[in-house]
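Presented below is the structure to which this report refers.
Being a predicted model, the structure only gives us computed values, none of them experimental.
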Amino acid sequence: MSSDYINALLKKPTTRTPIWVMRQAGRYLPEYRATRKKAGDFLTLCKSPELACEVTMQPLDRFDLDAAILFSDILTIPDAMGLGLYFSEGEGPKFSKPLSTLVDIENLTKPNVGDELAYVTDAVSVIKKSLNGKVPLIGFTGSPWTLATYMVEGGSSKNFAKVKGLMYENPTHMHQLLDKLADTIIDYLNGQIEAGADSVMVFDTWGGLLNQESYENFSLRYMTKIVAGIKREHEGKTIPVTLFTKGGAMWLEQIADSGCDGVALDWTVELGDAQSRIGNKVALQGNLDPCVLYASPARIREEVKKVLSQFDGDTGHVFNLGHGISPDVNPEHMKVLVDSVHEFSAR
C-alpha cells in the first residue's frame, strides 16, 4: 500500500506530499454522473455498496491519488434516526421530519449503527477489497454540530436561526442532541474502522458559524469526545483522525489540542501560518482554494507551488483543497493538480 498519506498524518517520512481531494468522487466526472443516473437518485447510490464502491474507485482510475474516501453522505446518521432524508433537485438535502420541538429531541433514539447503517460499513468492506491495498481508505462523518444544524433547520439554511436559537434558549436540549449524535458517531466510525477504513475524518462544515464560546461548547467539545472514543489502533495499525472545521482558522490551537492527528484547513488561512501555530503538534491538510481549478493549467501549477512552498519540512502535510471540488470543474484540471503536487514535492 502507498502509505505516504498515513505517514504524513503520523508525521513519519514520506516519498512526496500526498494528495486527495474532498468530493473527489462526484459530479465533475462524467462517469460519476452515469453511475448516479443508473442508481436513479443520490440516496440509492449511497445505499448500494457496489455502486458506492464504483464511484469511490472512479477518480482513482483517472488520477494518481494517494487515498480513497468512502462515497457516502454526512446525513446518513440523521436519516437512520428516522428524520426522513430526501434530496430535492437543485436544493440540497431536506428532512421530512425535522426536530421542531423539544419533545422531538427528547424522543430521538440512538440508532443501532450495525443494523441501520450496515450499508455504509458494507460499502467500506467492498471498497477495501476493490482497492486491494493500492491506497488507504478514508472513512468519515459529519460533526455533531453540523448534523444538528440540518436536523433542526430541516435542511440547509441561510441564517441558521432555528438551531442557534435552540442553542441559546435551550442549551440543555442542544447538549442532549449533540451527546446522542456524538455517541452514535463513535459507533459509526468504529464500525467503518472495523470494516477496513485506514483513517477517519470529521467534517464540521458549519462550525465556523459560531462565536468562540459557542464553538468550544457546542462543536469542539463533541469532536474531542469522538476523538477519545474511536479506535486509534486496529489490526496492528494506527488509525489517524483528521478534524475539519470550515471557517475555523481562529481556533486552530484548540482543535489541535483535541487529540486528533491532523487538522484540515480551508483556504482562508495561510499554510505556513497554521504550521507555525500548531504544526509541531499535528499534521496539516489543505488548503488550495477550489476555485483555482477554474484557472489555466499553468496557473494551477503556480498555485500548487505556492501552497507547497508555504509548508516547511518533508512530512506532516497532506495536500487537499480547502473545501470540496466544484461540480463543473474540468477533470483535466484535476489531473494537472494531482500531478503537479507529486512533481513539485518529490523528495
Side-chain angles (χ1 to χ4, degrees), residues 5 18-76 79 85-94 119-120 123-124 126-127 130-131 134-142 146 150 156 192 197 199-203 205 242 244 246 264 266-267 285-295 300 318-339 341:
Y5 164 73
I19 175 172
W20 69 277
V21 169
M22 293 186 252
R23 299 203 187 120
Q24 63 190 26
R27 288 178 291 172
Y28 74 106
L29 292 175
E31 55 269 42
Y32 167 85
R33 295 195 294 271
T35 308
R36 177 165 168 172
K37 197 173 178 186
K38 181 168 71 176
D41 62 75
F42 178 74
L43 265 183
T44 305
L45 181 54
C46 288
K47 291 185 177 186
S48 159
E50 280 70 29
L51 293 180
C53 175
E54 193 177 302
V55 292
T56 298
M57 298 300 291
Q58 285 168 351
L60 298 169
D61 294 338
R62 263 193 194 245
F63 315 117
D64 186 20
L65 293 156
D66 294 289
I69 182 164
L70 162 70
F71 182 82
S72 187
D73 191 83
I74 61 168
L75 298 179
T76 51
D79 185 44
L85 176 64
Y86 67 100
F87 287 83
S88 295
E89 202 54 52
E91 287 186 44
K94 290 185 182 299
Y119 65 89
V120 177
V124 171
V126 174
I127 296 162
S130 189
L131 283 168
K134 182 182 174 183
V135 293
L137 176 61
I138 304 165
F140 74 92
T141 178
T146 290
Y150 288 100
S156 39
Q192 291 182 36
S199 166
V200 292
M201 183 159 166
V202 180
F203 288 92
T205 312
T242 304
F244 176 46
K246 187 166 181 283
D266 64 26
W267 62 93
Q285 177 183 288
N287 62 339
L288 187 71
D289 185 338
C291 290
V292 168
L293 293 178
Y294 292 121
I300 292 168
V318 174
F319 201 107
N320 207 309
L321 302 177
H323 200 235
I325 187 170
S326 306
D328 52 351
V329 157
N330 179 344
E332 288 306 310
H333 288 199
M334 170 76 157
K335 185 174 187 334
V336 171
L337 168 68
V338 175
D339 293 348
V341 171

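K134 places a side-chain N or O within 3.5 Å of a backbone atom of L60 that can act as its donor or acceptor partner. Listed for the T56 side chain is a donor-acceptor partner under 3.5 Å among the backbone atoms of F71. Y28 places a side-chain N or O within donor-acceptor distance of the main-chain N or O of Q24, the cut-off being under 3.5 Å. For the pair D66 (side chain) and I19 (backbone), a donor-acceptor distance under 3.5 Å is present. T146 contributes a side-chain N or O that, together with a main-chain N or O of T205, makes up a donor-acceptor pair within less than 3.5 Å. Side-chain atoms of N320 come within 3.5 Å of backbone atoms of W20 as a donor-acceptor pair (strictly under, hydrogens ignored).
Smallest separation of non-hydrogen atoms from A197 and V124: N-CG1, 3.7 Å. Across every non-hydrogen atom of A123 and A52, the tightest pair is CB-CB, 4.2 Å. The minimum heavy-atom distance between A25 and V55, with the atom names listed, is CB-O, 3.1 Å. Residues L85 and P93 approach most closely at CD1-CB, 4.0 Å, considering heavy atoms. Across T141 and I74, no two heavy atoms sit closer than the pair C-CG2, 4.2 Å. Summarising the geometry of V120 relative to S72, their closest heavy-atom pair is CG2-OG, 4.1 Å, with the distance given to 0.1 Å.
Within the 4.5 Å cutoff, no side-chain heavy atoms of P18 are placed close to those of F319. Under the 4.5 Å side-chain criterion, counting only non-hydrogen atoms from C-beta, Y32 is not in contact with P59. When side chains are defined from C-beta on, E54 does not count as touching E31, because their heavy atoms never get closer than 4.5 Å. Side-chain contact check for D266 versus K246: some heavy-atom pair is nearer than 4.5 Å. Side-chain contact check for C53 versus I127: some heavy-atom pair is nearer than 4.5 Å. W267 places none of its side-chain heavy atoms less than 4.5 Å from the side chain of C291.
S199 meets the side chain to side chain donor-acceptor pair (under 3.5 Å) test with Y5; sequence neighbours excluded.
Residue pairs that meet the side chain to side chain donor-acceptor pair (under 3.5 Å) test with at least one member in residues 42-51, sequence neighbours left out, are D41-T44, K47-D79.
R27 CZ: 12 or fewer foreign heavy atoms inside a 6.0 Å radius.
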Please set out all donor-acceptor pairs under 3.5 angstrom arising from side-chain atoms of residues 330-337, sequence neighbours excluded.
{"from": "N330", "atom 1": "OD1", "to": "E332", "atom 2": "N", "distance (Å)": "2.8"}
{"from": "H333", "atom 1": "ND1", "to": "L293", "atom 2": "O", "distance (Å)": "2.8"}
{"from": "H333", "atom 1": "ND1", "to": "A295", "atom 2": "O", "distance (Å)": "3.1"}
{"from": "K335", "atom 1": "NZ", "to": "D339", "atom 2": "OD2", "distance (Å)": "2.6"}

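To the nearest 0.5 Å, atom CZ of residue F87 and atom CG of residue D73 are 4.0 Å apart. The CE atom of M201 sits 13.0 Å away from the CD atom of Q192 when rounded to the nearest 0.5 Å. Distance CD1/I300 to CG/L288: 8.5 Å, rounded to 0.5 Å. Taking CG of L51 as the reference point, atom CZ of R36 lies at 12.5 Å (rounded to 0.5 Å).
Taking the six-membered ring for Trp, F244 and F140 have ring centres at least 6.0 Å apart.
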